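Right, one structure below, let's go through it.
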Protein chains: 2
Amino acid sequence: MTDAHVGLAGQLTRLPQRQVLSDDVYETVKGLIMDSVVAPGTRLNIDALTRELGISQTPIRESLARLESDGLVIKEPLRGYRVSSTLTRAEFEDLFEYRLHIEPWAAGRAAERSSAEDLVRLKDEMLSYTDVPERPDYDSYKAMAGHDQRFHDLVLELSGNETARQSFARTHCHLHLFRLYYGGGIATQALREHKAVVTAVRKGDPEQAAAAMRSHIEASRARLRPVFDQQ
Amino acid sequence: MTDAHVGLAGQLTRLPQRQVLSDDVYETVKGLIMDSVVAPGTRLNIDALTRELGISQTPIRESLARLESDGLVIKEPLRGYRVSSTLTRAEFEDLFEYRLHIEPWAAGRAAERSSAEDLVRLKDEMLSYTDVPERPDYDSYKAMAGHDQRFHDLVLELSGNETARQSFARTHCHLHLFRLYYGGGIATQALREHKAVVTAVRKGDPEQAAAAMRSHIEASRARLRPVFDQQ
DNA sequence: GTTCGCAATATCCTATAGGATCTTTGAGGG
DNA sequence: CCCTCAAAGATCCTATAGGATATTGCGAAC
């Protein structure tokens, strides 16, 4: 390796970006929140995290600052951070209303604009999660949630409007929905609905794509709403 | 004060949130970026900021982490932060396209839903910036930008969908547009367009409100586009 | 029993220091 | 001249320490 490097100055691309500790901490704490290991409302004690993670306070503080911007933690000056609550019903309704405004539009644009390569990416994403177990456990729930998020992000990306994609990403929609555990069992329906969106996009039919996406989101909302009736 | 406090235990509300140094730093650096004191692409040297602001690195790092989430700085691990570029033409177009999708919808909803109190707030906001100078200087430009941002945020708020308002806020639309300095001179037109939106919202006419907002955003886009022709 | 005040403890926030990594500079060789 | 390499310097990142603030617990008074 050292010998191969000699004489190639300037011809190697820059190494991939390094992962620094604060990034690791961010992902770790995010995972704890996402998996409800730390419950909504829980105070996040910086000194305790220091002890438990075996690192200093500084990267912890930095990652908490980022998580605050993500809406996953709430900072109270001088008193610390706490995990944000899961969505209230009002927030849930706002989110879906917003989705119903943005995502069918995006799907329609994806139908108008997608190249053959784009369609391959859609197909690949659909193939990334097909093994729906009869009795969903936590891992399959998590895998489905991952597919769901990637699918929607991809459609937003194929809409060709990066502002819209980022805006949607910044709602952290699927992260918040993930935290509203609903026991699974509906992956088959969601996959079917995703497939209908993909079919319309492939046909290049924006009206049908928008309608399929709207239908999917409305169904998703209806499936999730009972969560709030149990509280 | 100490005497007044005696015997009133539990009856005083919690004091307003305290401002900590990292919050101050965040606003300071944000202001430097917004005012283009530090130009787009500039590296932000943490040690230099430490010396110039006379504080330690820690609050600086925290505020930079937040500014990264805001899209105002870009972090390159181990190499530091740099100020994000001003909007490219493509980003500008995406942003306006997104606005054209979101803001007329929001204005229409505001027209449907606003209470008398809401309308007072709109009126107050319109009254907050009326003194349009013949020859706009930097301060008036900044004041107009402030009004512009507050106005649009208020309409989003009156739409009644907090997800939408936050999503729009997180684009930092007016902050990015502010950095595209265009020399002013168009405040009178923008105010006239804002007034048309307010008039329609007051009438409770959602179609007219949406149309007025659409017209305003399209005009705003047309006014700003020449910025890119000069680059 | 409740409430208040005070001291002790815990936690948050920032400053400082040191190690790791990157960037710049200068010398030497072709 | 250009290129390479090594050393020096600058900067980033994290650990540690100390001061400021909030929280908790206990005892005294009512």
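Below, chain A is the first sequence line, B the second, and so on; all start at residue 1. Only this structure's heavy atoms are used, side chains among them; waters, hydrogens and symmetry mates stay out. Here the structure is a predicted model, which is why all the values come from computation and not from measurement.
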Contacts of A:Asn45 that satisfy side-chain hydrogen bond (donor to acceptor under 3.5 Å, both in side chains) - sequence neighbours left out: none

For A:Arg113, salt bridge (charged side-chain N to carboxylate O under 4.0 Å, His left out) partners two or more places apart: none

Which donor-acceptor pairs under 3.5 Å do the side chains of residues 57-67 of chain B make with protein atoms, sequence neighbours left out?
| from | atom 1 | to | atom 2 | distance (Å) |
| --- | --- | --- | --- | --- |
| B:Arg61 | NE | A:Glu62 | OE2 | 2.5 |
| B:Arg61 | NH2 | A:Glu62 | OE2 | 3.3 |
| B:Glu62 | OE2 | A:Arg61 | NE | 2.5 |
| B:Glu62 | OE2 | A:Arg61 | NH2 | 3.3 |
| B:Ser63 | OG | B:Pro59 | O | 3.2 |
| B:Ser63 | OG | B:Ile60 | O | 3.0 |
| B:Arg66 | NH1 | B:Asp23 | OD1 | 2.9 |

Qualifying ring pair (Phe, Tyr, Trp, His ring centres under 6.0 Å) pairs, either residue in residues 63-89 of chain B, two or more places apart: none

Listed partners of B:Glu68 passing salt bridge (charged side-chain N to carboxylate O under 4.0 Å, His left out), at least two apart: none

Annotated protein contacts, base or backbone, on nucleotides 6-15 of chain C with a non-hydrogen cut-off under 4.0 Å, one of B, S, - each: -----BBBBB

